[in-house]
Amino acid sequence: MGQHRYTGVSDQNQTGSKGISTDGLVASYDFETYTSNGLLKDFGPFENHGKTLRNLDTLGPINKARTFSTLADIVVLPDHISFDLDGPITVATWMKVSTINLHQHILACNDKFVLWITKSNKFKLADTQGNAFTTLEGTVKTDGWHSVVAVWSGTKGDTLSKDNIKIFVDGIQMDGTYKGNWSPSTMQANNACVMGSTLHGAIPHQELPFVGAIDELQVFSRVLNEDEIKTHATK
């Protein structure tokens with residue numbers, strides 16, 4: 001069977017490609033479609049539509065994308081049980097980083113899981129409690145759009161290792177370091193999940209927005225397999 005391509009999220013194609021199963025889909029955003037009452041549309045089964053303050057569009061890898069530069073650009077997701085995940089978890093997105101050497105949150109679901117960028121330009125998938133897989137320094141670059149897929153195949157209490165936590169950039173698995181046991185806490189009751197920053201944790205963290213553009217972000221309660229991850233990176 002030939003390689004599927006990633007053609008973008010739609011009502012007919014909730015994961016963006018026929019090569020990516022809808023099994024375990026929690027949320028899926030194309031960053032250009034809004035509901036009749038102005039919420040960022042979730043094409044997934046739980047209708048986790050996001051609240052926005054302002055909408056700045058840019059050209060993305062698949063039609064339009066959303067620009068982030070200040071805290072006014074964040075997307076606050078509903079406090080729905082579908083995000084209350086100890087594992088397995090996949091966060092898959094396309095992103096274009098504009099500024100490096102910054103602490104930047106891509107998606108934070110406190111206190112469960114977070115995908116973010118460190119000041120030393122590393123991607124990090126963490127449980128929000130300090131336990132994480134971190135890619136090598138310089139992994140994050142400002143050279144255009146990239147597919148980023150972060151997967152955690154374990155569950156609460158498991159020791160992090162190369163076998164259960166991984167980050168792929170453009171379909172290629174990144175090397176990195178592993179710290180601790182996956183130990184998420186209780187999901188925050190209000191504004192737990194935010195794209196483009198965080199509304200919980202250390203106050204300085206809440207003042208650090210993502211700077212760049214994000215497109216086609218999806219959350220799964222399962223791990224995408226290698227073929228699906230390659231499909232995500234193939235336009």
Transitive ILVMFWY side-chain link [X] to [Y], under 4.5 Å:
{"X": "I20", "Y": "V149", "value": "yes"}
{"X": "L102", "Y": "I106", "value": "no"}
{"X": "L224", "Y": "F123", "value": "no"}
{"X": "L25", "Y": "I214", "value": "no"}
{"X": "V151", "Y": "F113", "value": "no"}

Look at the rings of F31 and F68 and say which category their plane angle falls in: under 30° parallel, 30 to 60° tilted, over 60° perpendicular.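 Perpendicular, since the angle between the ring planes exceeds 60°.
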Sub-3.5 Å donor-acceptor pair from the side chain of [X] to the main-chain atoms of [Y], do we have one?
{"X": "T134", "Y": "Y178", "result": "no"}
{"X": "Q218", "Y": "V91", "result": "no"}
{"X": "S221", "Y": "G24", "result": "yes"}
{"X": "E32", "Y": "A65", "result": "no"}
{"X": "T93", "Y": "M95", "result": "no"}
{"X": "N181", "Y": "S183", "result": "no"}
{"X": "K156", "Y": "G87", "result": "no"}
{"X": "D79", "Y": "A192", "result": "yes"}
{"X": "N121", "Y": "N101", "result": "yes"}
{"X": "S28", "Y": "Q14", "result": "yes"}

To the nearest 0.5 Å, how far apart are [atom1] in [X] and [atom2] in [Y]?
{"X": "H103", "Y": "T118", "atom1": "NE2", "atom2": "OG1", "value": "8.5 Å"}
{"X": "L160", "Y": "D127", "atom1": "CG", "atom2": "CG", "value": "7.5 Å"}
{"X": "K64", "Y": "T33", "atom1": "NZ", "atom2": "OG1", "value": "9.5 Å"}
{"X": "Q12", "Y": "T7", "atom1": "CD", "atom2": "OG1", "value": "10.5 Å"}
{"X": "M187", "Y": "I81", "atom1": "CE", "atom2": "CD1", "value": "7.5 Å"}
{"X": "W182", "Y": "S161", "atom1": "CH2", "atom2": "OG", "value": "12.5 Å"}

May I ask you to check whether [X] and [Y] show a side-chain donor-acceptor distance below 3.5 Å?
{"X": "S147", "Y": "H232", "value": "yes"}
{"X": "N37", "Y": "T35", "value": "yes"}
{"X": "S82", "Y": "H80", "value": "yes"}
{"X": "D86", "Y": "T155", "value": "no"}
{"X": "T52", "Y": "N55", "value": "yes"}
{"X": "Q188", "Y": "D111", "value": "yes"}

Could you tell me whether H146 and W94 have their ring centroids closer than 6.0 angstrom?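 Not close enough - the centres of the two rings lie 6.0 Å or further apart.
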From CA spacing to verdict: side chain to side chain contact (heavy atoms under 4.5 Å, CB included), V76, L199: CA-CA 9 Å; V76 181; L199 294 177; 4.0 Å; yes
Contact check, side chains of [X] and [Y], non-hydrogen atoms, under 4.5 Å:
{"X": "L125", "Y": "I167", "value": "yes"}
{"X": "V211", "Y": "Q104", "value": "yes"}
{"X": "I117", "Y": "V97", "value": "yes"}
{"X": "H49", "Y": "P78", "value": "no"}
{"X": "V148", "Y": "F168", "value": "no"}
{"X": "D158", "Y": "W152", "value": "yes"}
{"X": "F83", "Y": "V26", "value": "yes"}
{"X": "Y29", "Y": "M195", "value": "yes"}

Please report the shortest heavy-atom distance between [X] and [Y], naming the atom on each side.
{"X": "T58", "Y": "A213", "result": "CG2-CB, 3.8 Å"}
{"X": "S197", "Y": "I74", "result": "CB-CG2, 3.5 Å"}
{"X": "T135", "Y": "T139", "result": "OG1-OG1, 3.2 Å"}
{"X": "F43", "Y": "S10", "result": "CD2-C, 3.5 Å"}
{"X": "G60", "Y": "D215", "result": "CA-OD2, 4.0 Å"}
{"X": "N164", "Y": "T159", "result": "ND2-O, 2.9 Å"}

NZ/NE/NH1/NH2 to OD/OE distance under 4.0 Å, [X] and [Y]:
{"X": "D84", "Y": "K112", "value": "yes"}
{"X": "K41", "Y": "D30", "value": "no"}
{"X": "R54", "Y": "D73", "value": "yes"}
{"X": "R222", "Y": "E228", "value": "yes"}

In this structure, are over 12 heavy atoms from other groups packed under 6.0 Å from D175 atom CG?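 Atom CG in D175 is not packed in, count stays at 12 or less.
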Could you check K141 against I100 for side chain to side chain contact (heavy atoms under 4.5 Å, CB included), going step by step and ending with a plain yes or no? CA-CA 7 Å; K141 304 181 186 302; I100 55 175; over 6 Å; no
Give me the one residue out of L107, D42, L40 that meets side-chain contact (heavy atoms from CB on, under 4.5 Å) with L77.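 With L77 as partner, L107, D42, L40 yield a single side-chain contact (heavy atoms from CB on, under 4.5 Å), made by L107.
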For Y6, which of K18, E216, K230 qualifies under side chain to side chain donor-acceptor pair (under 3.5 Å)?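 For Y6, the side chain to side chain donor-acceptor pair (under 3.5 Å) check succeeds only for E216.
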